[in-house]
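Reviewing the structure listed below.
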Amino acid sequence: MKVHKEGTGFLLTLFTILFVVNVTLYHSMGKNFLFYAVAFLSSVLFLLVLNFFRSPYRRFPYDSEGLVIAPADGTIVAIEEVMENEILHTRCMQVSIFMSIFNVHANWFPVNGTVKYVAHQDGRFMAAYLPKSSTENERSTVVITTRNGIDILARQIAGAMARRIVTYAKPGDTCHVNEQMGFIKFGSRVDVFLPVDAEILVEMDQKVTGNQTPIARLSRCV
């Protein structure tokens, strides 16, 4: 299993702290119940964090032209027509994916195109599955223009546990499906805003896999 680069430093620090704690307990108290309990809990904690920072190799297996691919692992928690007032200032179809702490937390570009806009907004850290988290939580927004001139907005949203959003996209970059857009540390959410005439290919509560599951088909792809 490959470890994501965003987790390398954190995992090394955590391992060092847990190692020191366990060695100190061993030398001060020997192999008693407390030592074995702490050793067990330390192992479980480290494995959970290691699992969180896993970085699987993924390639979308089909032609992605005209499709919007899930940018993240998780569960579909919103499919609705909304007014996107922050960036696009138009009505859109919003598809939201909630990531639990057990999901892969790398984020992929949902479409091929050119990065038009990138912005980070500070905010709150309420539970990411709540609708208000899309506009009130800390978030990073990326707008991608496809070769057919369609703007697709992807928004990385911090959750109650997430305290850091990493966004690799830069304005002017050429981006493709199969490339990572960023990473969100711990439970969080990604919203995708699409044209209102896009054909939605997923359903509420459906489990999706980042860079694998098509979530929509764009009607204007000639």
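Quick note: numbers below take in every heavy atom, side chains included, and nothing from hydrogens, waters or symmetry partners. Quick caveat: nothing in here was measured; it's all calculated off a predicted structure.
A donor-acceptor pair under 3.5 Å links the side-chain atoms of H105 to the main chain of N103, judged by distance alone. For the pair T167 (side chain) and A169 (backbone), a donor-acceptor distance under 3.5 Å is absent. Judged by distance alone, with hydrogens and angles left aside, the side-chain atoms of R189 form no donor-acceptor pair with the main-chain N or O of M99 at under 3.5 Å. At least one donor-acceptor pair under 3.5 Å links the side chain of D73 to the backbone N or O of G210. Using a distance-only test at 3.5 Å, with no hydrogens or angles considered, no donor-acceptor pair links the side chain of T209 to the main chain of T213.
Residue R155 holds its CZ atom at 8.0 Å from CD of Q94, rounded to the nearest 0.5 Å. In this structure, CG in D151 is found 9.0 Å from SG in C92, a value given to the nearest 0.5 Å. Between atom CD1 of residue I152 and atom CG of residue L194 there is a gap of 5.0 Å, rounded to the nearest 0.5 Å. Here S42 contributes atom OG and F19 contributes atom CZ; the two are 11.5 Å apart, rounded to the nearest 0.5 Å. Going from atom CE of M93 over to atom CD of E84 covers 14.0 Å, rounded to the nearest 0.5 Å. To the nearest 0.5 angstrom, Q180 atom CD is 8.0 Å from N107 atom CG.
The hydrophobic cluster containing F40 also contains L48, counting ILVMFWY residues as joined when their side-chain heavy atoms lie under 4.5 angstrom apart, directly or transitively. Hydrophobic cluster membership differs between I144 and V196, with clusters built from Ile, Leu, Val, Met, Phe, Trp and Tyr side chains linked at under 4.5 angstrom. A continuous path of Ile, Leu, Val, Met, Phe, Trp and Tyr side chains, each step under 4.5 Å between heavy atoms, connects M204 with V95, placing both in one hydrophobic cluster. Taken together through direct or relayed side-chain contacts under 4.5 Å among Ile, Leu, Val, Met, Phe, Trp and Tyr, V23 and V20 form parts of separate hydrophobic clusters. Hydrophobic clustering of Ile, Leu, Val, Met, Phe, Trp and Tyr side chains at less than 4.5 Å, counting indirect connections, unites F15 with L47.
Under the 30°/60° scheme for interplanar angles, the aromatic rings of F53 and F10 are found to be tilted.
Annotation: ring pair (Phe, Tyr, Trp, His ring centres under 6.0 Å) contacts of Y168 (sequence neighbours excluded): none. Annotation: side-chain hydrogen bond (donor to acceptor under 3.5 Å, both in side chains) contacts of N178 (sequence neighbours excluded): N211. Residues that satisfy the side chain to side chain contact (heavy atoms under 4.5 Å, CB included) test with T114, not counting sequence neighbours, are absent from this structure. Scanning for side chain to side chain contact (heavy atoms under 4.5 Å, CB included) contacts around N32 gives M29, L34, F35, with sequence neighbours left out. For T75, the side-chain hydrogen bond (donor to acceptor under 3.5 Å, both in side chains) test picks out K207, with sequence neighbours left out. In terms of the salt bridge (charged side-chain N to carboxylate O under 4.0 Å, His left out) criterion, residue partners of E199 (sequence neighbours excluded) are, by chain and number, R217. Every residue two or more places apart in sequence or in another chain was checked for a side-chain hydrogen bond (donor to acceptor under 3.5 Å, both in side chains) with Q212, and none qualifies. Residues meeting the side chain to side chain contact (heavy atoms under 4.5 Å, CB included) test with A119, sequence neighbours left out: Y117, Q121.
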Could you go through the side chain to side chain contact (heavy atoms under 4.5 Å, CB included) check for N22 and V38 one step at a time?
CA-CA 7 Å; N22 282 273; V38 172; 3.9 Å; yes
Please assess E65 against N148 for the test side chain to side chain contact (heavy atoms under 4.5 Å, CB included), listing each intermediate value before the final yes or no.
CA-CA 10 Å; E65 192 64 35; N148 298 301; 3.8 Å; yes
Pair D205-I76, side chain to side chain contact (heavy atoms under 4.5 Å, CB included): steps then yes or no
CA-CA 5 Å; D205 300 319; I76 302 294; over 6 Å; no
Should V208 and V202 be marked as a side chain to side chain contact (heavy atoms under 4.5 Å, CB included) after you check the CA-CA gap, both sets of side-chain angles, and the distance that decides it?
CA-CA 8 Å; V208 297; V202 290; 4.1 Å; yes
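With respect to E86 and R139, a salt bridge is recorded, a charged nitrogen being found less than 4.0 Å from a carboxylate O. D173 has no carboxylate O lying under 4.0 Å from a charged side-chain N of K116, or vice versa, which leaves the two without a salt bridge.
I184 approaches Q156 most closely through the heavy-atom pair CD1-CB, 3.6 Å. Across I165 and A158, no two heavy atoms sit closer than the pair CD1-N, 3.6 Å. The two atoms that bring G74 and I97 nearest to each other are CA-CG2, 3.7 Å, heavy atoms only.
Side-chain contact check for V190 versus I157: every heavy-atom pair is 4.5 Å or farther apart. Counting heavy atoms from C-beta on, the side chains of F193 and V143 never come closer than 4.5 Å. For the pair L218 and V68, the minimum side-chain heavy-atom distance is below 4.5 Å.
Through direct or indirect side-chain contacts shorter than 4.5 Å among Ile, Leu, Val, Met, Phe, Trp and Tyr, V104 is connected to W108. Taking a 4.5 Å side-chain heavy-atom cut-off between Ile, Leu, Val, Met, Phe, Trp and Tyr, the cluster of Y62 extends to F60, L67, I69, V177, L201.
For the salt bridge (Lys or Arg N to Asp or Glu O under 4.0 Å) condition, the pairs that include at least one residue of residues 89-113, sequence neighbours left out, are E81-R91. Among pairs with a residue in residues 6-32, those fulfilling salt bridge (Lys or Arg N to Asp or Glu O under 4.0 Å) read E6-R164, at least two apart in sequence or across chains.
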